[in-house]
Structure formats: C-alpha cells, structure tokens
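Keep in mind the model is a prediction, meaning the values are calculated, not measured. Heavy atoms only: backbone and side chains are in, while hydrogens, waters and symmetry mates are out. Along the sequence shown, residues are numbered consecutively beginning with 1. All ligand and atom numbering here is 1-based and tracks the order in the structure.
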Amino acid sequence: MRLPACLGGAPAFSDPLHVGQINLPTWSAFEAGFRALFERRFYANHGPLEKELDARIAGILGVRHAVSVANGTVGLMVAARALGLTGEVVAPSFTFSGTGEALIWAGLQPVFCDVDPQTHCLTAELVEPAISSRTSAILGVHLWGRPCDPDGLETLARRYGLKLFFDGAHAIGCTHRGRLLGNFGDAEVISFHATKVVNGAEGGCIVTNDDDVADRLRACRSFHDGAPAAVDLRLNAKISEAQALMALLSLSDLPANVDANRDRYKQYRDGLVGLTGIRFVDYAAGEASNCQYVVVEVDPACGLCRDELMLALHAENILARDYFVPLHHMPPFQGNGPSVELPVADHLARTLMQFPTGQAVGAADVAGVIDAVRAILAHAPAVAEKGVS
Ligand code: T4K
C-alpha cells in the first residue's frame, strides 16, 4: 500500500481534480452553433434558441410548459413570485444556500426542517410540524437528484391548502415511481450551471403543468415577454441566446453524459462500498437517475473524521468537497424563524463528502481516487496523528 501524500508520499494527481468537472460539447458542435448565432446577430430577449430550449425541455420532461431563466437561483425567485407566495415557506436546511437565499430575495421567510437520514431530503412527516398560519408553500429539494417524497408532500400541501414547488437543480432526468421529476407540485426549477449535468455555462428552467402559472412565470422573468398585467413585479431573469445554445448542445449529449456518470458512480461504489465507516449514498433502485453526484458519509469508524479524510485527499490533489453548511447556521438565516435543532442536517454537515466526477474524470482517475482513499485509510492512525491541515 503506497504512502499517502500527507505522510510524504507522491500525490496521486499532479493537477487538481475538482468536483463538478464540467461537461462540454465537442469543439465542432460548439463552433457551428456559435457561428450560426453570430450570423443571426440575435443574442437576447427571447430569440429562437430560447424557444427551442423551452420546447426541448418540455418534451424531455413531458411537462406542458418550460420557461428558461438565467440561473437556478433566479428561477426559484421567479417561481415564488409567480406562485403568489407570502409569509413563510417550509424548506430543508440541508441544501445549497441559493435555495434559501432565493426565498429571502422573493420577500419570504424560510422555515427550515430537518431531512431524512437515508435520502437527505424532506419528507411530509418532517414538514408538517413546521407549518403555521403564516405558511404559504413548501419548497422541496431533490438533493443529489433523489426525489424528496413528492407524493407525501403533494398530499400534505393539498391538506393545508399550500403551494408546493421543487428545487430540482440536481434532478433533470430523474424519476419517482417511474414518473419524471418536474411533474409534481405547482412548479419545479432546474439548474444549467456549468457544474450541472446539463451545462448552459449558467442557466436554468422552470417547468410546470399549470397554464396560469406558466403565464405568470413568463411575465415575471422578463420585461419583454408574456402579459405584464399577469404579475405585480417583473425581473430580467431571462436566459441569453448563448446560454440557451450551450444548454441545447449539452442536452444533445445528455444521454451519453448520464451513461458516463453512471459508469463512474458504479466504479466509485464498487471501489468504496466495502470500507468500514464509508457509507455510499446510493440512488434508488429501479428509478432513472442522472447520477451526477458521487457522495459518501464518513463515519469516524473508518479511522478518520470527514475533515481529516478530505484534507488528506486534498494533499493528493483530489479536491473532494464538504457540501453543505446547513442553512439554519448561515448568516442570512440565523434568527430567521424559530430556533430549531436539526440533528440530521448537522450530522450530514459533519460527515458528507462529494467526490470528483463529470466528463473530465476518466476511469483511471476514479481508480486513482479509490486507491488514494484506501491508502489514506490504511494509514489512518498516522494521518490522524499528523493532524492534516
Ligand atoms: N439549488 C441547489 C440544490 C443547488 O445545488 C444549486 C446550485 C442551486 C439551487 C442554484 O442553482 P444556480 O443558481 O447555481 O443555477 C456550485 C455551483 O456554483 C452551484 O451551481 C451548485 N448548486 C453548487 C452545489 O455547487 P460552488 O460554490 O461549490 O461552486 P464552485 O465554483 O466551487 O464549483 C465546484 C468545483 O467545480 C470547483 O472546485 C471547480 C469546478 N469548476 C467550477 C466551475 C464553475 C470548474 O472546473 N469549472 C467551472 O467553470 O457552487
């Protein structure tokens, strides 16, 4: 077993291996697409590529409407306004900060819930005690592309007369009981950030099966589209033609990129699953998934705590990440809503680690990461003693 880099061995990688390795189109497809864009001289304000993107997304997800936007965060803001939300919105604490900050930008107060320890997502049972007379909606997050109890949340929202929308930033192409995410609740928001499986450089899309909501979404996202009277406030949240083109190119590659994600995910799983103290976060069997995140929980039973293992990996040039800081501990939210104990979110914040994956991570790279994890854990007492920093 080789010596880990933090104990003086050679690093596993000469260049840093990041999480979120971006999916790029072929150079020839990129060049042809941008040549046509330059020749058309139409860059913004609802051009043909935006329309094509909206139609493609609606077709892929089987939804009535897709309304593309500049990024997932503004998509959540626009969705909240278009749904006419007021007061409080119940949301998970364990998510990317943009989920909660979008609510604040929309003039709403997030009330944070804990998440299920297996799925890392909300359940109806966790949400119900957080509902008050001020609640207008539930915002579920399909974290890592895992469905956050869409049936349970739909039933709960109906029972309390609440709107239900989803942050599906991670979830394009994932199913719940065979039904594609995007078809639950009042609306769902997808992200086309550069690090997502569909890379629009930046970008996002709001999908809905409700015609009235779609009208308000279109009016809300732009000063140039839809019927302004449909909403009380608008925003320049539209996608540019360049972003739409990138997203369209990426959508063409989606099946191949998902297949490659699945191969990397399985290779990581096979390589790590037997290690004591490393819990591999699986996707549900029998459901479609884009497999874009490779995530483990690190228990000190492996000999190291998560931060020790992660920093030892950094010494190998493997830039594993410790997503997320629970939102109820973050500055914009502290003191927002009742003070709560959210033990699962806190546990995940201490133990969760994301591995590099995406187009630039080949099978040899995954093998190198697995070897590095095994080498570090084989030397766990010495690594802990050295106190990696
Ligand atoms: N809801 C959820 C659940 C989300 O996860 C997100 C975004 C949103 C909502 C909001 O959607 P957007 O408004 O972003 O569309 C990254 C992404 O910036 C963010 O989109 C994503 N979630 C979040 C989970 O990850 P950071 O702060 O970790 O980004 P960054 O720049 O450190 O990227 C990660 C790694 O990727 C870097 O170590 C280097 C590599 N990278 C990144 C970029 C941007 C590259 O190699 N090339 C690149 O161009 O947030």
Side-chain angles (χ1 to χ4, degrees), residues 13 15-25 57 67-80 89 91-106 110 112 115 119-122 139-148 165-172 174 181-182 187-207 221 235 237-240 243-244 246-247 250 290 292-295 310 313-314 317-327 330 332 345 348-349 352-361 365 369:
F13 293 87
D15 294 319
L17 191 64
H18 294 280
V19 301
Q21 285 294 302
I22 51 180
N23 290 331
L24 293 172
I57 293 289
V67 180
S68 51
V69 284
N71 59 64
T73 307
V74 297
L76 290 167
M77 291 160 53
V78 166
V89 174
S93 173
F94 194 70
T95 178
F96 184 62
S97 61
T99 310
E101 296 195 47
L103 294 175
I104 303 227
W105 273 104
F112 294 118
V115 292
T119 66
H120 301 176
C121 294
L122 290 184
L139 172 55
V141 180
H142 302 307
L143 204 68
W144 321 129
R146 294 159 136 216
C148 68
F165 66 131
F166 291 97
D167 176 340
H170 301 176
I172 189 166
C174 303
L181 299 181
E188 178 162 327
V189 179
I190 303 162
S191 169
F192 301 143
H193 183 261
T195 55
K196 298 289 182 287
V197 66
V198 175
N199 170 15
E202 285 274 6
C205 193
I206 314 167
V207 296
R221 76 157 163 189
L235 181 67
K238 62 192 180 296
I239 198 165
S240 74
Q243 287 173 279
M246 281 294 286
S250 197
N290 58 42
Q292 70 175 311
Y293 293 103
V294 176
V295 173
M310 189 176 71
L313 286 168
H314 289 184
N317 262 329
I318 299 165
L319 302 186
R321 291 282 293 262
D322 53 350
Y323 295 105
F324 295 101
V325 177
L327 302 194
M330 291 187 74
L348 293 174
L352 199 121
M353 190 168 72
Q354 186 179 320
F355 284 110
T357 186
Q359 202 181 54
V361 181
D365 297 320
V369 176

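Scanning for side chain to side chain donor-acceptor pair (under 3.5 Å) contacts around T357 gives R264, with sequence neighbours left out. Taking H193 as the reference, T195 meet the side chain to side chain donor-acceptor pair (under 3.5 Å) condition, with sequence neighbours excluded. For the side chain to side chain donor-acceptor pair (under 3.5 Å) test, no residue two or more places apart in sequence or in another chain qualifies with T73.
For the side-chain contact (heavy atoms from CB on, under 4.5 Å) test with I206, the passing option among I57, V69, V74 is V69; the others fail.
Put simply, CZ on F112 and CG on L122 are 11.0 Å apart, with the number rounded to the nearest 0.5 Å. Taking CD of Q292 as the start and CH2 of W144 as the end, the distance is 10.0 Å to the nearest 0.5 Å.
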Below 3.5 Å only, please: the N or O atoms of ligand 1 paired with protein N or O atoms, distance on each line.
| unit_1 | atom_1 | unit_2 | atom_2 | d |
| --- | --- | --- | --- | --- |
| ligand 1 | 1 (N) | T99 | OG1 | 3.4 |
| ligand 1 | 1 (N) | D167 | OD1 | 3.2 |
| ligand 1 | 1 (N) | D167 | OD2 | 2.6 |
| ligand 1 | 5 (O) | H170 | NE2 | 2.7 |
| ligand 1 | 13 (O) | G72 | N | 3.4 |
| ligand 1 | 13 (O) | T73 | N | 2.9 |
| ligand 1 | 13 (O) | T73 | OG1 | 2.6 |
| ligand 1 | 15 (O) | G72 | N | 2.8 |
| ligand 1 | 15 (O) | S191 | OG | 2.7 |
| ligand 1 | 18 (O) | H193 | NE2 | 3.2 |
| ligand 1 | 20 (O) | H193 | ND1 | 3.3 |
| ligand 1 | 20 (O) | K196 | NZ | 3.3 |
| ligand 1 | 22 (N) | K196 | NZ | 3.0 |
| ligand 1 | 28 (O) | R321 | NH2 | 2.8 |
| ligand 1 | 28 (O) | Y323 | OH | 2.4 |
| ligand 1 | 32 (O) | R321 | NH1 | 3.0 |
| ligand 1 | 36 (O) | V19 | O | 3.0 |
| ligand 1 | 38 (O) | H18 | ND1 | 3.2 |

